[in-house]
Amino acid sequence: LQALALVTMLTPLLFATTIDDQRAAEDKLRYNLNILQAVMDNTTDLIYVKDMQGRYLLVNQACADIIKKTPADIVGRRDVDFASQERGDEIRQRDQLVYAAGRALTMEESGTFQGNKYTLLTTKSPYRDATGKIIGLVGLSRDITQRIEQVEALAESERRYRTLVDS
């Protein structure tokens with residue numbers, strides 16, 4: 001009888017503790033998601049996640065802006081849905097290199113998209129499930145077009161100067 005009385009008194013306390021623990025975990029998760037969303041929303045770098053088939057699972061606004069679509073219009077689609085088949089295949093081949101390496105790779109990507117010339121410095125990393133199996137990739141690309149153009153303009157200026165001096 002005493003044991004039953006003790007269990008009856010402790011049960012609400014145990015449930016309250018479990019509920020408090022669950023609320024604390026939910027609050028921490030919400031906090032972490034808010035931080036992640038702030039990073040995604042406020043960076044000028046392109047951030048994206050793809051599955052093994054090359055479908056976008058997540059893109060930030062900077063990525064959507066360069067494609068000239070909304071993030072919702074991009075998620076679930078592949079690069080060939082926004083670029084030429086040839087360009088989409090090139091991107092897919094670089095994604096495959098990341099999967100084969102099983103680690104982060106950094107590369108410079110240049111091309112023309114929707115009439116605009118661009119150069120991106122891109123780091124792509126595989127992401128894995130709980131068992132360690134690669135299930136997609138995470139990409140971060142920085143638009144370095146302006147910097148490349150400035151370097152090219154400086155090199156052209158130096159070439160003209162040398163030609164003038166040599167003459």
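If you're wondering where the values come from, they're calculated on a predicted model, not measured in any experiment. Position 1 is the first residue of the sequence; numbering continues from there.
Salt bridge D51/R55: present, at least one basic N to carboxylate O contact under 4.0 Å. Between R23 and E26, no side-chain nitrogen of the basic residue sits less than 4.0 Å from a carboxylate oxygen of the acidic one, so the salt-bridge criterion is not met.
Shown here is R142, whose CZ atom has no more than 12 heavy atoms of other residues, nucleotides or ligands within 6.0 Å. Within a 6.0 Å radius of CD in E156, other residues, nucleotides and ligands contribute more than 12 heavy atoms.
You'll find the side chain of E109 reaches within 4.5 Å of the side chain of T122, heavy atoms only. At least one side-chain heavy atom of I91 sits under 4.5 Å from a side-chain heavy atom of K124. Between L137 and Y48 there is a side-chain heavy-atom pair separated by less than 4.5 Å. Within the 4.5 Å cutoff, the side chain of M52 has heavy atoms near those of the I134 side chain. Side-chain contact check for M107 versus R94: some heavy-atom pair is nearer than 4.5 Å. Proximity of N60 to T43: side-chain heavy atoms (C-beta onward) are separated by under 4.5 Å at one or more points.
Between L140 atom CG and L120 atom CG the span is 10.5 Å, to the nearest 0.5 Å. To the nearest 0.5 angstrom, D81 atom CG is 10.5 Å from I74 atom CD1. Atom OH of Y56 is separated from atom CZ of R78 by 11.0 Å, given to the nearest 0.5 angstrom. Remark: S110 OG to E90 CD distance equals 10.5 Å, nearest 0.5 Å. In this structure, Q22 CD and D27 CG are separated by 10.5 Å, a value rounded to the nearest 0.5 Å.
For G88 against A83, the heavy-atom pair with the smallest separation is N-CB, 4.5 Å.
Between the side chains of D73 and T70, at least one donor N or O sits under 3.5 Å from an acceptor N or O. No side-chain donor from either of T119 and T145 sits under 3.5 Å from a side-chain acceptor of the other. Donor-acceptor pairing under 3.5 Å is lacking for the side chains of Q93 and D89.
Applying the side chain to side chain donor-acceptor pair (under 3.5 Å) test between D79 and each of K50, R92, R87 identifies K50 as the sole match.
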